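Written out below as structure tokens is the structure these notes cover.
Keep in mind it's a predicted model, so treat the numbers as computed, not measured. Within every chain, numbering begins at 1; the chains are lettered A, B, ... in the order of the sequence lines, protein sequences first and strands thereafter.
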Protein chains: 2
Amino acid sequence: MEEGTSQEPGYCEGTEDFDVWQWHSRADCEVRQILDRIADKWSLLVIALLERRSLRFSELRKEVEGISQRMLTVTLRQLERDGLVKRKAYPVVPPRVDYELTDMGCTLHETIKALVTWTEEHQTAIAAARAAYDERTAKERELLGQ
Amino acid sequence: MEEGTSQEPGYCEGTEDFDVWQWHSRADCEVRQILDRIADKWSLLVIALLERRSLRFSELRKEVEGISQRMLTVTLRQLERDGLVKRKAYPVVPPRVDYELTDMGCTLHETIKALVTWTEEHQTAIAAARAAYDERTAKERELLGQ
DNA sequence: CATCCTGGGTCACTATTGGGAACTGTGGAA
DNA sequence: TTCCACAGTTCCCAATAGTGACCCAGGATG
């Protein structure tokens with residue numbers, strides 16, 4: 001951590017994207033750490049929901065079905081720390097806190113949307129693949145167990 | 001589960017992507033479950049590495065720095081089940097197993113690459129945001145503790 | 001002949017993370 | 001006086017990720 005943050009080694013943007021992955025697969029790669037953060041179950045959903053409009057804490061909790069209070073707090077803190085989400089607290093009682101995407105958060109949403117679109121387009125294929133796989137393994141299991 | 005899996009309610013592809021998120025934020029949404037799977041720390045890296053060329057188990061383990069044998073197994077199984085990765089086992093001793101992306105896996109790689117590109121482009125901004133956030137909270141902590 | 005090695009796993013165990021519920025703090029309402 | 005709203009925080013426990021030892025089969029080695 002102390003001497004890290006070196007981001008200009010070898011892999012300049014222009015090269016084939018071959019080498020890029022060499023760097024990214026290294027555990028100490030900063031890109032990989034950021035990816036771990038944003039490619040997260042809850043982060044994706046929160047960013048997605050905030051793109052529509054800013055939301056309050058309790059609204060988010062209701063919209064993101066299944067998230068616990070703690071994880072919503074943690075997720076929002078991380079996103080805020082990364083500069084993807086802005087937190088606006090009003091000193092009123094009861095408290096009111098609005099969360100909204102920053103400009104950077106908005107650009108990320110574009111990319112995330114692509115991922116979701118891909119998922120939508122392929123969900124049938126994936127379901128089919130899963131069914132096929134399960135059937136295959138069931139048969140193998142049968143052969144082994146018989 | 002019994003009566004779930006209803007995927008044709010309301011949100012047909014053509015509509016504004018407003019409503020889409022309403023569905024996707026629901027815990028029983030299939031798209032959300034698939035997203036959870038593919039937007040996973042290890043899955044991203046594995047797909048990325050396999051796009052270059054097919055790899056053997058041990059090669060993957062070496063390339064994906066920090067992954068454990070078990071997690072690599074689990075990840076590959078999931079990807080295989082989802083039809084994103086093809087597993088080719090040769091009945092030789094010692095065993096040889098090659099993993100490669102399926103066509104669907106390749107299309108997913110395109111999307112993932114976009115995510116990585118975004119991360120590369122914004123990693124400096126994120127680092128800055130984190131530094132700023134940490135400084136801010138440090139100050140607040142100081143005020144509270146003094 | 002006995003032993004070891006190799007590669008792709010599995011199994012049993014431990015460390016970390018996430019979920020659930022209870023608690024906090026403040027001021028207005030009942 | 002007690003209760004409630006909202007946005008958290010804290011604590012405890014269960015689930016999950018991750019670790020290291022072990023397994024299998026046959027060919028090379030001694």
Side-chain angles (χ1 to χ4, degrees), chain A residues 25 27 32-33 35-46 49-50 54-81 85-100 133 136-137 140-141 144-145, chain B residues 25 27-28 32-33 35-46 49-50 54-81 85-100 133 136-137 140-141 143-145:
Chain A
S25 58
R32 181 167 147 187
Q33 277 161 21
L35 270 178
D36 288 356
R37 173 103 316 131
I38 60 180
D40 162 74
K41 182 172 166 156
W42 302 124
S43 300
L44 287 182
L45 277 172
V46 167
L49 286 168
L50 286 181
S54 78
L55 290 169
R56 303 181 59 177
F57 185 86
S58 48
E59 290 173 324
L60 273 171
R61 191 152 59 88
K62 253 175 291 174
E63 296 236 39
V64 183
E65 201 180 82
I67 198 172
S68 67
Q69 229 157 324
R70 200 178 73 93
M71 284 318 293
L72 183 54
T73 306
V74 170
T75 302
L76 286 169
R77 283 282 182 288
Q78 287 173 344
L79 292 176
E80 191 198 352
R81 179 165 182 263
V85 157
K86 205 168 1 183
R87 179 179 185 277
K88 292 205 286 196
Y90 303 94
V92 295
V93 171
R96 175 192 180 92
V97 182
D98 284 357
Y99 292 93
E100 60 177 298
Y133 178 91
R136 248 184 298 139
T137 53
E140 280 167 26
R141 200 167 293 272
L144 257 143
Chain B
S25 59
D28 55 0
R32 182 167 146 187
Q33 277 160 20
L35 269 179
D36 288 356
R37 169 104 321 126
I38 60 179
D40 162 72
K41 183 172 166 157
W42 302 123
S43 301
L44 286 183
L45 277 173
V46 167
L49 286 168
L50 286 180
S54 77
L55 290 170
R56 303 180 60 176
F57 185 87
S58 48
E59 289 174 324
L60 273 171
R61 190 152 57 90
K62 254 176 292 177
E63 294 236 40
V64 183
E65 201 179 81
I67 196 170
S68 68
Q69 228 157 319
R70 201 180 73 94
M71 286 317 293
L72 182 54
T73 305
V74 171
T75 303
L76 286 170
R77 284 279 181 289
Q78 287 173 345
L79 293 177
E80 192 197 351
R81 180 166 182 261
V85 156
K86 206 170 358 182
R87 181 181 185 275
K88 290 205 286 196
Y90 304 95
V92 294
V93 170
R96 176 193 180 91
V97 183
D98 284 358
Y99 291 94
E100 59 178 298
Y133 178 91
R136 249 184 297 139
T137 54
E140 279 167 26
R141 199 166 295 271
L143 284 174
L144 256 143

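- If you measure from atom CG of A:D40 to atom P of D:dA17, you get 13 Å, rounded to the nearest angstrom.
- The closest side-chain heavy-atom distance from A:R77 to A:R87 is below 4.5 Å.
- Put simply, CD on A:E59 is 16 Å from C1' on D:dG8, counting in whole angstrom units.
- By the 4.5 Å heavy-atom criterion applied to side chains, A:I67 and A:W42 are counted as neighbours.
- Rounded to whole Å, atom P of C:dT26 lies 21 Å from atom CZ of A:R96.
- For the pair A:K88 NZ and D:dG8 P, the interatomic distance rounds to 15 Å; values are reported in whole Å.
- A donor-acceptor contact shorter than 3.5 Å links the side chain of B:E59 to the backbone of B:R56.
- Between A:V93 and A:R87, the one whose closest nucleotide on DNA chain D sits nearer the 5' end is A:V93.
- Proximity of A:K41 to A:M71: side-chain heavy atoms (C-beta onward) are nowhere separated by under 4.5 Å.
- With a 4.5 Å cut-off on side-chain heavy atoms, B:L72 and B:F57 count as touching.
- Out of D:dG8, C:dG9, C:dG7, the shortest distance to the side chain of A:Y99 is found at D:dG8.
- The residue B:Y90 sits apart from the nucleic acid: no heavy atom pair falls under 4.0 Å.
- A:D98 places its CG atom 8 Å from the P atom of D:dA7, with the value rounded to the nearest Å.
- The distance from atom CD of B:E140 to atom P of D:dG8 is 13 Å, rounded to the nearest whole Å.
- Backbone-only contact: B:S58 has heavy atoms under 4.0 Å from sugar-phosphate atoms and none from a base.
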Working for side chain to side chain contact (heavy atoms under 4.5 Å, CB included), residues B:L50 and B:E100: CA-CA 6 Å; B:L50 286 180; B:E100 59 178 298; 5.7 Å; no

Protein and nucleotides 19-22 of chain C: nitrogen or oxygen contacts under 3.5 angstrom:
from, atom 1, to, atom 2, distance (Å)
C:dG19, OP2, A:S68, OG, 3.3
C:dG19, N7, A:R70, NE, 3.4

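- The CG-P distance, from A:D36 to C:dT16, rounds to 17 Å in whole Å.
- Partner of B:S25 under the side chain to side chain contact (heavy atoms under 4.5 Å, CB included) criterion, out of A:L49, A:V46, A:L60: A:L49 alone.
- Across the protein-nucleic acid pair, B:R61 atom CZ and D:dT19 atom C1' stand 12 Å apart, rounded to whole Å.
- OP1 and OP2 of D:dG8 both lie 4.0 Å or more from every side-chain N or O belonging to A:R56.
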